[in-house]
Amino acid sequence: MTLSTPRIDELKQHVGHTVTVRGWVTHLRSSGKIAFVVMRDGTGQIQGVLVKTQIEPAVWERFAALTIETSVAMTGEVHTEERSPGGLEMAVTGLEILGESALDYPIQPKEHGIDFLLDNRHFWLRSPRQRAIARVRNEVEQAIHDFFYARGFLRVDTPILTAAIGERAGLFSTEYFDEGNAYLAQTGQLYGEAAAAAFGRIYTFGPTFRAEKSKTRRHLTEFWMIEPEVAWNDSDDNMRLQEDFVSYLVRRALDRCAADLQILERDTAPLERVTPPFVRLDYGDAISLLKRKGSTTVWGDDLGAEDESLIVEEYDKPVFVMNYPREAKAFYMKENPADPRTVLCDDLLAPEGYGEIIGGSQREDDYERLLARIRAEKLPEDAYGWYLDLRRYGTFVHSGFGLGLERTVAWICGLPHLREAVAFPRLMNRLRP
RNA sequence: UCCCGAGUAGCUCAGGGGUAGAGCAGCCGGCUGUUAACCGGCGGGUCGGGGGUUCAAAUCCCUCCUCGGGAGCCA
């Protein structure tokens, strides 16, 4: 059966020949003695046309038994036909029902509410729009690996079950034998730093978990993060790496996913402008800018969503905001020698309201300073023993960042909400399907 | 957690004190080029749950639940 059953996107090579394709029925239309069946196989769609007077009665009867999402093997001669969606059509002479589909398939070719669609995510995934998003995500993921591979980075897989270390936000916990609680990783960074001391340039690529009760278009409780960590990179090197990286990912999507972006009706003009260098806006200058624009945010505050939009609208490509006050940022960031009130860090804000897609920093490499920060933040000192060791045995200048995959995909695809950027999104009130 | 908004047929919604509605989907019939086809017919309801006001509540009041949008936090 596998022989000569091309996939739908290969059918243009089979014009004039009789082939069999397998897939799922998406549309059925009948005019009494002529009928149309559109099927999908994951690579595209093909319309089959059946003329009652020209085919075997048994085939016509099987057409009548078709329902939406029936899986079928459809056989016929492929020809060009401009009235057919996609320009190709199959003159069906054979039809085999592989798997029946119940009459109450819930998804219709019309508007649905988001609650209903998320409840039916396992079916929603079958739509052309969701396929386009999945293809862009796949391309971005591959581009990430290619980017780092070409630059001699080693991919390191860090643990998902961890002791209580990492960010301050909510943790998911689970029992772990006689060791007390284990927590789902919020970041692989600390392990990445250990690996950078071993291998020089590394990156992680994996799921991370935040038990935050946040209900916004920019948050998931489970999301994928890419975290490079580079020995001997300072904060400036770090930002150069980030702008090269992000520009490369966008370029790859533009070059290889043009058809998908078109299905998503993505205006690609803003993406075409994503080239290095990006603007580097010092935190202090950002505050001045915000004050000019009427914000009440003052020096020392973290930047809110409103502030980020005010900054982003000033530029036509991603913008770095760098060197935040120490109090607004994590304990592991290196003190800024030029202004000890601040740390050497950067947030990369994406255009068009997609917010922070990267958070990065140079890491504190001085043992005493790092220990002081851990104590000041009242973190469990013993849990960070191995992390502090990295500063006791050959400490090194190093920097890294975390890129949120779903935010990046949502931005490139122009999605209104992160939940479409992953096949089965995890939100605070959604654990299934 | 806080602030808004919404829950009526499988779906998308109208109806806002007086016998529950439409379109789509489904089913039956018709149609030889359909594109979310079209035309005719049929079936389909705990009006989110509970309590209250009233002769009478989908409709007014209270309360809880669920969902959506936003904030905070962050990627």
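Since we're looking at a predicted model, the values are computed, not measured.
- When the P atom of B/rG72 is taken as reference, atom CE of A/Met428 falls 16 Å away, rounded to whole Å.
- The six-membered or imidazole ring of A/Phe424 lies away from that of A/His122, with a centre-to-centre distance of 6.0 Å or more.
- Under the Watson-Crick and G-U wobble criteria, each requiring two contacts below 3.5 Å, nucleotide B/rU46 is left unpaired.
- Using a 4.0 Å heavy-atom distance criterion, A/Ser30 is classed as a base contact.
- Comparing the P positions of B/rG7 and B/rC47 gives a spacing of 15 Å, expressed to the nearest Å.
- The nearest whole Å value for the distance from the NZ atom in A/Lys213 to the C1' atom in B/rG68 is 18 Å.
- Projected onto RNA chain B by closest heavy-atom contact, A/Arg419 and A/Pro106 fall at different nucleotides, the more 5' of which corresponds to A/Pro106.
- The pair A/Asp346-A/Arg280 does not meet the salt-bridge criterion, since no charged nitrogen lies less than 4.0 angstrom from a carboxylate oxygen.
- One finds no salt bridge joining A/Arg218 and A/Glu356 here, because no Lys/Arg side-chain nitrogen approaches an Asp/Glu carboxylate oxygen to under 4.0 Å.
- With P as the reference atom, B/rG17 and B/rC61 are 11 Å apart, rounded to whole Å.
- In this structure, A/Ser127 and A/Ile107 have side chains that are not in contact, with every pair of non-hydrogen atoms separated by 4.5 Å or more.
- In this structure, of B/rG72, B/rC74, B/rG68, it is B/rC74 that holds the atom nearest to the side chain of A/Asp302.
- The distance from atom CG of A/Leu118 to atom P of B/rG68 is 7 Å, rounded to the nearest whole Å.
- Residue A/Pro85 is in base contact, counting any heavy-atom pair closer than 4.0 Å across all strands shown.
- Of the P atoms belonging to B/rA58 and B/rC64, the separation is 22 Å, rounded to the nearest Å.
- Within the nucleic acid shown, A/Thr53 comes within 4.0 Å of at least one base atom, counting heavy atoms only.
- Using a 4.0 Å cut-off between charged nitrogen and carboxylate oxygen, A/Asp119 and A/Arg430 count as a salt-bridge pair.
- Nucleotides B/rA6 and B/rU12, compared at atom C1', are 14 Å apart to the nearest Å.
- A/Phe223 comes within 4.0 angstrom of a nucleotide base, judged by non-hydrogen atoms across all strands.
- Nucleic acid contact class of A/Glu222 (heavy atoms, under 4.0 Å, all strands): none.
- Contacts of A/Lys52 with the nucleic acid, taken as non-hydrogen atoms under 4.0 Å apart, are absent.
- Relative ring orientation between A/Phe116 and A/His112 is described as tilted, the plane-to-plane angle lying within the 30° to 60° band.
- Looking at A/His219, its side chain comes within 3.5 Å of the base of B/rC74 through a donor and an acceptor atom.
- The residues A/Arg137 and A/Glu420 are annotated as not salt-bridged, no charged nitrogen and carboxylate oxygen being separated by less than 4.0 angstrom.
- Between the CG atom of A/Leu303 and the P atom of B/rA71 there is a distance of 14 Å, rounded to whole Å.
- Contact annotation: A/Arg217 side-chain N/O to B/rC74 OP1/OP2 distance is not under 4.0 Å.
- With B/rA36, B/rC74, B/rC67 as the choices, the nucleotide that has an atom nearest any side-chain atom of A/His27 turns out to be B/rA36.
- Ring-base stacking between A/Phe36 and B/rG33 is not satisfied when judged by a centre separation under 5.5 Å and a plane angle under 30°.
- Within 4.0 Å of A/Gly304, counting heavy atoms only, lie sugar-phosphate atoms of the nucleic acid but no base atom.
- Contact annotation for A/Leu418: base contact, defined as any heavy-atom pair under 4.0 Å involving a base atom.
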Produce the list of close N/O pairs, under 3.5 Å, pairing protein atoms with atoms of nucleotides 21-27 of chain B; give distances to one decimal.
from, atom 1, to, atom 2, distance (Å)
B/rG23, N2, A/Lys110, NZ, 2.6
B/rC24, O2', A/Gln108, OE1, 2.9
B/rA25, O4', A/Gln108, OE1, 3.1
B/rA25, O4', A/Gln108, NE2, 3.4

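- Atom-to-atom, CZ of A/Arg218 to C1' of B/rC73 comes out at 10 Å; the value is rounded to the nearest Å.
- Evaluation of atom-type donor-acceptor distances gives a pair under 3.5 Å for the side chain of A/Arg407 against the base of B/rC74.
- Looking at which nucleotide of RNA chain B each of A/His417 and A/Trp224 is closest to, the 5′-most match is held by A/His417.
- Residue contacts shown for A/Ala305 are limited to sugar-phosphate atoms, with no base heavy atom under 4.0 Å away.
- Side-chain nitrogen and oxygen atoms of A/Asn429 include at least one within less than 4.0 Å of the OP1 or OP2 phosphate oxygen of B/rG68.
- Among the atoms of the strands shown, none is found under 4.0 Å from any heavy atom of A/Glu406.
- One atom, CD of A/Gln47, and another, P of B/rU34, lie 10 Å apart when rounded to the nearest Å.
- Looking at A/Leu66 and A/Leu95, their side chains come closer than 4.5 Å, going by heavy atoms from C-beta outward.
- What separates CZ of A/Phe116 from P of B/rC67 is a distance of 16 Å, to the nearest Å.
- In this entry B/rC2 has B/rG70 as its Watson-Crick or G-U wobble partner, both defining distances falling under 3.5 Å.
- A/Met39 has its side chain out of reach of A/His27: every pair of non-hydrogen atoms, C-beta onward, lies at least 4.5 Å apart.
- Evaluation of the side-chain hydrogen bond (donor to acceptor under 3.5 Å, both in side chains) test over residues 81-94 of chain A, restricted to residues two or more places apart or in two chains, returns A/Gln47-A/Glu89, A/His79-A/Glu89, A/Glu81-A/Arg83.
- For B/rG16, there is no paired base (Watson-Crick or G-U wobble, both distances below 3.5 Å).
- Using a 4.0 Å heavy-atom criterion, one finds that A/Ile114 contacts the sugar-phosphate atoms exclusively.
- Look at A/Arg83 and you won't find any side-chain N or O under 4.0 angstrom from OP1 or OP2 of B/rU32.
- A gap of 23 Å separates the C1' atoms of B/rG69 and B/rA14, to the nearest Å.
- Across all strands shown, B/rG7 forms a Watson-Crick or G-U wobble pair with B/rC65, both key distances being under 3.5 Å.
- Between the CZ atom of A/Arg29 and the C1' atom of B/rC38 there is a distance of 12 Å, given to the nearest Å.
- A salt bridge does not link A/Arg22 to A/Glu96: none of the charged nitrogens lies less than 4.0 Å from a carboxylate oxygen.
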